[in-house]
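Report on one structure; see the data block that follows.
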Amino acid sequence: MVIFLFCMMLGTLHVSAADELLGTVVDGSLLTEETEVTATAYPKARWTYLSDGTGTMTVTGTRTVRLSGSTTAKQKVDAIYVNMYLQRLVNGTWCTYYIGTRSTKYDAYFVSITETDISVEGGYYYRASGAHVINQDGTIESIASYTNGIWID
């Protein structure tokens, strides 16, 4: 009788995709159950102007997220920009789900952007990706940032 009850209980357990993938790394992003993830990318030493690029994704409510990002230069540059993207994990591949508005500043060393109330579908992992670019005297330097993934129920 005890074995029968144990088997019945086991038969009713539900395993979601989040449970199966939680803690694995897909294309450099750890899959988590966090509510906020941040990543900072640093360029190679040979770059002259670009200091770093940071991206953050925050769960702000039921199936809503906020994206924020920034780009920092080592000095004032002709143009500096950041563009944030929301990516969703589909069949083991990160696909762009939302393209944010690009924020550009001229004759500056820092730029940032925040986008709020982005609606998402439940049942997927999401991550933020940032494009961080500097243009100084025709020299373009860029880097991409990728946060860890967050499960949205």
>> Could you go through V82 and S70, starting from their C-alpha distance and side-chain angles, then the distance that decides it, and tell me whether this counts as side chain to side chain contact (heavy atoms under 4.5 Å, CB included)?
In response: CA-CA 6 Å; V82 60; S70 64; 5.8 Å; no

>> For Y146 and Q87: C-alpha separation, side-chain torsions, deciding distance, then whether side chain to side chain contact (heavy atoms under 4.5 Å, CB included) applies.
In response: CA-CA 10 Å; Y146 300 96; Q87 296 183 325; 4.1 Å; yes

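- With contacts defined as side-chain heavy-atom distances shorter than 4.5 Å, the pair V120/T64 does not qualify.
- Annotation for I99 and N83: closest pair CG2-ND2, 4.4 Å, computed over non-hydrogen atoms.
- Summarising the geometry, atom OG belonging to S51 is positioned 10.5 Å from atom CD belonging to E141; distances are rounded to the nearest 0.5 Å.
- Using a 4.5 Å cut-off on side-chain heavy atoms (C-beta onward), L86 and I118 make contact.
- Counting heavy atoms from C-beta on, the side chains of V77 and N135 never come closer than 4.5 Å.
- Contact annotation: the side chain of I113 approaches that of M84 to within less than 4.5 Å [non-hydrogen atoms, C-beta and beyond].
- The side chain to side chain contact (heavy atoms under 4.5 Å, CB included) with I150 is formed by just one residue from the set E36, E33, M57; it is M57.
- Using a 4.0 Å cut-off between charged nitrogen and carboxylate oxygen, R127 and D27 count as a salt-bridge pair.
- Formation of a donor-acceptor pair under 3.5 Å by the N148 side chain with backbone atoms of L30 is found in this model.
- When all heavy atoms of G149 and Y125 are compared, the pair lying nearest together is C-CD2, 4.2 Å.
- Using a 4.5 Å heavy-atom cutoff, the side chains of T114 and L67 are not in contact.
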> Would E121 and R88 satisfy side chain to side chain contact (heavy atoms under 4.5 Å, CB included), going step by step from the backbone distance to the final call?
Replying inline: CA-CA 10 Å; E121 297 177 43; R88 178 167 74 184; 3.4 Å; yes

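- D137 places a side-chain heavy atom less than 4.5 Å from the side chain of D78.
- Here the CG-OH distance, from L21 to Y124, works out to 13.0 Å after rounding to the nearest 0.5 Å.
- Remark: side-chain polar atoms of S145 are not paired, donor with acceptor, to backbone N or O of T40 under 3.5 angstrom.
- Each ring-ring contact (aromatic ring centres under 6.0 Å, His included) pair with one or both residues in residues 26-75, not counting sequence neighbours, would appear here, but there are none.
- Between T71 and I143, the closest side-chain pair of non-hydrogen atoms is not below 4.5 Å.
- Between the side chains of E115 and Y98, at least one donor N or O lies within less than 3.5 Å of an accepting N or O.
- Inter-residue side-chain proximity for V59 and I152 is flagged as met; some heavy-atom pair is nearer than 4.5 Å.
- Nearest heavy-atom pair across V111 and S103 is CG2-OG, 3.3 Å.
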>> Pair W94, V26 - check side chain to side chain contact (heavy atoms under 4.5 Å, CB included), show working.
In response: CA-CA 8 Å; W94 291 106; V26 178; 3.7 Å; yes

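- Residues passing the ring pair (Phe, Tyr, Trp, His ring centres under 6.0 Å) test with Y97 are Y126, sequence neighbours excluded.
- Nearest heavy atoms, R66 versus T116: CD-CG2, 3.7 Å.
- Between the T58 side chain and the T60 main chain, no donor and acceptor come within less than 3.5 Å of each other.
- A donor-acceptor pair under 3.5 Å is absent between the side-chain atoms of T54 and the main chain of G69, judged by distance alone.
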